[in-house]
Amino acid sequence: MTKGIVMLGAGGHAKVCIELLQAMGETVAYCIAGADAPSRCLNVPVLAGDEQLARLRDEGYARAFVAIGANKLRGRLGANALQLGYELVNAISPRAVVSPSARLGKGIAIMAGAVVNADAVIGDLTIINTGATVDHDCDIGAAAHIAPQCALAGNVSVGTGSFLGVGSKVIPGIRIGKGSTVGAGGVVIRDIADGTTAVGVPAKPITK
Ligand code: JB2
């Protein structure tokens with residue numbers, strides 16, 4: 001029998017991802033978290049310390065999911081799990097709409113109400129959060145996070161590790177660089193360079 005999924009993280013994002021995976025008919029066997037974690041996350045037992053990941057691999061667990069909102073940490077823990085020989089599974093809500101022509105990476109989360117349209121690309125370990133829309137031909141890099149209710153028009157690209165805050169909007173064809181942030185409610189009408197935080201309507205850079 002296939003063993004359950006090992007989840008990294010046991011906070012708010014993990015709760016949502018456990019329910020996504022359960023809605024897909026999957027079982028989450030354990031969460032692995034920091035020392036601060038409670039003993040259970042929803043109905044899933046929580047183990048403390050990332051050394052548990054190697055131990056569970058030795059016990060035959062082979063599928064993992066990283067459910068941590070912080071982009072850099074999620075990317076690092078995903079690479080660690082792959083190195084230990086885990087397969088990264090996807091958590092996609094049955095209530096999301098994902099085009100059959102979209103290309104999805106590994107270890108991604110797509111929450112309820114999200115829409116991913118034709119020929120979009122979603123990179124490994126990226127989060128398309130509740131109700132976010134990613135239109136045709138968008139290219140979202142690895143370990144990025146498109147927060148709830150964001151709206152990306154067609155042909156937008158978002159670099160690795162970037163974060164678009166809740167309710168951001170992006171007009172067609174915009175390029176957002178790597179490791180960048182758009183503040184909540186920002187409206188992006190010009191390209192954003194790597195490592196830049198932009199806020200407001202229209203969104204303007206405040207740091208580089
Ligand atoms: O090095 C680590 C580590 N550091 C923190 N290894 C492992 N395995 N786990 C780690 N953690 C765990 O991440 C903590 O023990 C805790 O269980 C979890 C962080 O939980 P928190 O509730 O603070 O954040 P989150 O990542 O679940 O949710 C954030 O991102 C979501 C997308 C929040 O901002 C949410 O509101 C948001 N929806």
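Just so you know, these numbers use all the heavy atoms, side chains as well, and skip hydrogens, waters and symmetry mates. Numbering of ligands and ligand atoms starts at 1, following listing order.
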- Atom indices of ligand 1, in the order listed, that fall short of 4.0 Å to a heavy atom of Leu8: 8 (N)
- Query: Can a protein heavy atom be found under 4.0 Å away from atom 23 (O) of ligand 1?
  - Reply: no
- Using protein heavy atoms only, decide if any is under 4.0 Å from atom 34 (O) of ligand 1. no
- Query: Between Arg55 and Glu59, is there a side-chain N and carboxylate O pair less than 4.0 Å apart?
  - Reply: yes
- Are Asn155 and Pro172 side-chain neighbours, meaning at least one heavy-atom pair lies under 4.5 Å? no
- Query: Can you name the closest pair of heavy atoms from Thr126 and Ala144 and give their distance?
  - Reply: OG1-N, 2.8 Å
- Using a 4.0 Å heavy-atom threshold (strictly under), name the region of Leu77 that reaches ligand 1: side chain, backbone, both or neither. side chain
- Task: Take the angle between the ring planes of His13 and His145 and call it parallel below 30°, perpendicular above 60°, tilted in between.
- Result: tilted
- Could any protein non-hydrogen atom be found less than 4.0 Å from atom 38 (N) of ligand 1? no
- Residue, atom and distance of the protein heavy atom nearest atom 5 (C) of ligand 1 read Leu73 CD2, 4.0 Å
- Message: So if I count the atoms of ligand 1 from 1 in the order they appear, which ones are less than 4.0 Å from some heavy atom of Gly12?
- Response: 22 (O), 27 (O)
- Query: Under a 4.0 Å heavy-atom limit, does Ile68 contact ligand 1 with its side chain, its backbone, both, or neither?
  - Reply: both
- For His13, take its heavy atoms, then give the atoms of ligand 1 lying under 4.0 Å from any of them. 25 (P), 27 (O), 28 (O), 31 (C), 32 (C)
- For Cys41 and Val46, work out which heavy atoms get closest and say how close. N-CG2, 3.4 Å
- Task: Kindly indicate whether atom 2 (C) of ligand 1 is approached by any protein heavy atom to under 4.0 angstrom.
- Result: yes
- Query: Which protein heavy atom lies closest to atom 29 (C) of ligand 1, and at what distance to 0.1 Å?
  - Reply: Gly69 CA, 4.2 Å
- Any protein heavy atom under 4.0 Å from atom 15 (O) of ligand 1? yes
- Message: Could you identify the single nearest non-hydrogen protein atom to atom 8 (N) of ligand 1 and state the distance to 0.1 Å?
- Response: Asp50 OD1, 2.7 Å
